[in-house]
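For reference, the structure discussed in these notes is given below.
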Amino acid sequence: MTTIDQQIEAMAECWPGFKVVDKGESHVEWNGTLAPDKREHLVRVRHRIPMVLEDVSLHDAQPRVQVLKPLLERHPDYEEGPIPHVYWSRSDAAAEPYLCLFSPTLREWDINDLIADTTIHWAAQWLYFYEGWLVTKKWRGGGRHVTPNDEEKRLEPAAAPI
């Protein structure tokens with residue numbers, strides 16, 4: 001498992017514009033700017049290493065990326081709208097969504113991967129296709145379109161059966 005300090009070291013080396021804004025023994029948060037198609041986007045990357053005894057899934061361990069500025073535009077009238085390929089929080093409907101950068105069920109990311117080598121590149125690519133979506137009203141970035149109720153798109157773990 002890649003440690004928080006290893007993640008921070010790799011980010012500082014590969015993405016010096018991303019600054020640590022919060023750090024703890026098992027979590028880290030960075031803010032930084034990505035500009036894949038000229039327009040700059042301030043993004044937040046959060047990562048938390050679950051404790052050994054926690055009942056967690058890959059959903060809980062994956063890095064989470066949000067766009068802070070400019071806020072993502074919502075277009076419910078677009079075919080894939082209001083915003084394609086994002087995770088919505090059920091507990092906070094007003095919260096900005098998290099970018100859907102990979103398929104957890106296909107195990108495209110795991111806790112041994114460096115965020116600097118995977119997540120940041122994927123976020124830049126997501127933003128590139130997002131900018132195209134705003135112009136064309138079509139998502140050209142691939143991936144699977146699933147509904148917010150599908151298990152893969154949930155931020156919170158499923159409720160335990162009673």
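In what follows, residues are counted from 1 in the order of the sequence shown.
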Could you pull out the closest heavy-atom pair between Trp133 and Glu73, with the gap in Å?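 Smallest interatomic distance, heavy atoms only, reads CZ3-O, 3.9 Å.
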Exercise: identify the closest heavy-atom pair between Arg74 and Pro97: NH2-CD, 3.9 Å
How long is the span from the [atom1] atom in [X] to the [atom2] atom in [Y], to the nearest 0.5 Å?
| X | Y | atom1 | atom2 | result |
| --- | --- | --- | --- | --- |
| Leu114 | Gln7 | CG | CD | 5.0 Å |
| Leu99 | His41 | CG | NE2 | 10.0 Å |
| Gln125 | Ile120 | CD | CD1 | 13.5 Å |
| Tyr98 | Arg44 | OH | CZ | 7.0 Å |
| His121 | Leu34 | NE2 | CG | 10.0 Å |
| Leu72 | Ile83 | CG | CD1 | 4.5 Å |

Does the gap between the ring centers of Trp139 and His85 come in under 6.0 Å? yes
Taking atom OH of Tyr128 as the centre, does the number of heavy atoms from other residues, nucleotides or ligands within less than 6.0 Å exceed 12?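 No, the 6.0 Å shell around OH holds no more than 12 heavy atoms from other groups.
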Neighbour count >12 (heavy atoms, 6.0 Å) for atom CD, Glu9: no
Looking only at atom types and distance, does a side-chain atom of [X] sit under 3.5 Å from a main-chain N or O of [Y], one as donor and one as acceptor?
| X | Y | result |
| --- | --- | --- |
| Asn112 | Met1 | yes |
| Glu96 | Leu71 | no |
| Lys138 | Val135 | no |

Are [X] and [Y] packed together at the side-chain level, in the sense that at least one heavy-atom pair is separated by less than 4.5 angstrom?
| X | Y | value |
| --- | --- | --- |
| Asp113 | Glu108 | no |
| Ile49 | Glu25 | no |
| Pro82 | Trp88 | yes |
| Val86 | Trp126 | yes |

Could you identify which residues cluster with Leu42, counting Ile, Leu, Val, Met, Phe, Trp and Tyr as linked when any side-chain heavy atoms lie under 4.5 Å apart, either directly or through a chain of such contacts? Leu68
With sequence neighbours excluded, what pairs up with Thr2 under the side-chain hydrogen bond (donor to acceptor under 3.5 Å, both in side chains) test? none
The test is side-chain contact (heavy atoms from CB on, under 4.5 Å); show your working for Arg39 and Leu127 and say whether it passes. CA-CA 9 Å; Arg39 184 176 177 192; Leu127 287 165; over 6 Å; no
Is there a side-chain contact (heavy atoms from CB on, under 4.5 Å) between Tyr87 and Arg64 once you walk through the steps? CA-CA 9 Å; Tyr87 295 102; Arg64 297 198 175 154; over 6 Å; no
Taking Lys137 first and then Glu79, would you say they form a salt bridge - that is, a charged N and a carboxylate O separated by under 4.0 Å?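 Glu79 and Lys137: not salt-bridged.
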Mind running side-chain contact (heavy atoms from CB on, under 4.5 Å) on Ile115 and Trp30 for me, showing each step along the way? CA-CA 11 Å; Ile115 292 167; Trp30 296 269; 3.9 Å; yes
Assess whether side-chain contact (heavy atoms from CB on, under 4.5 Å) is satisfied between Ile4 and His47, documenting all intermediate values. CA-CA 8 Å; Ile4 293 296; His47 179 55; 3.9 Å; yes
Is the ring pair Trp15/Phe18 parallel, tilted or perpendicular, if the boundaries are 30 and 60 degrees?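 The rings of Trp15 and Phe18 stand perpendicular, inter-plane angle above 60°.
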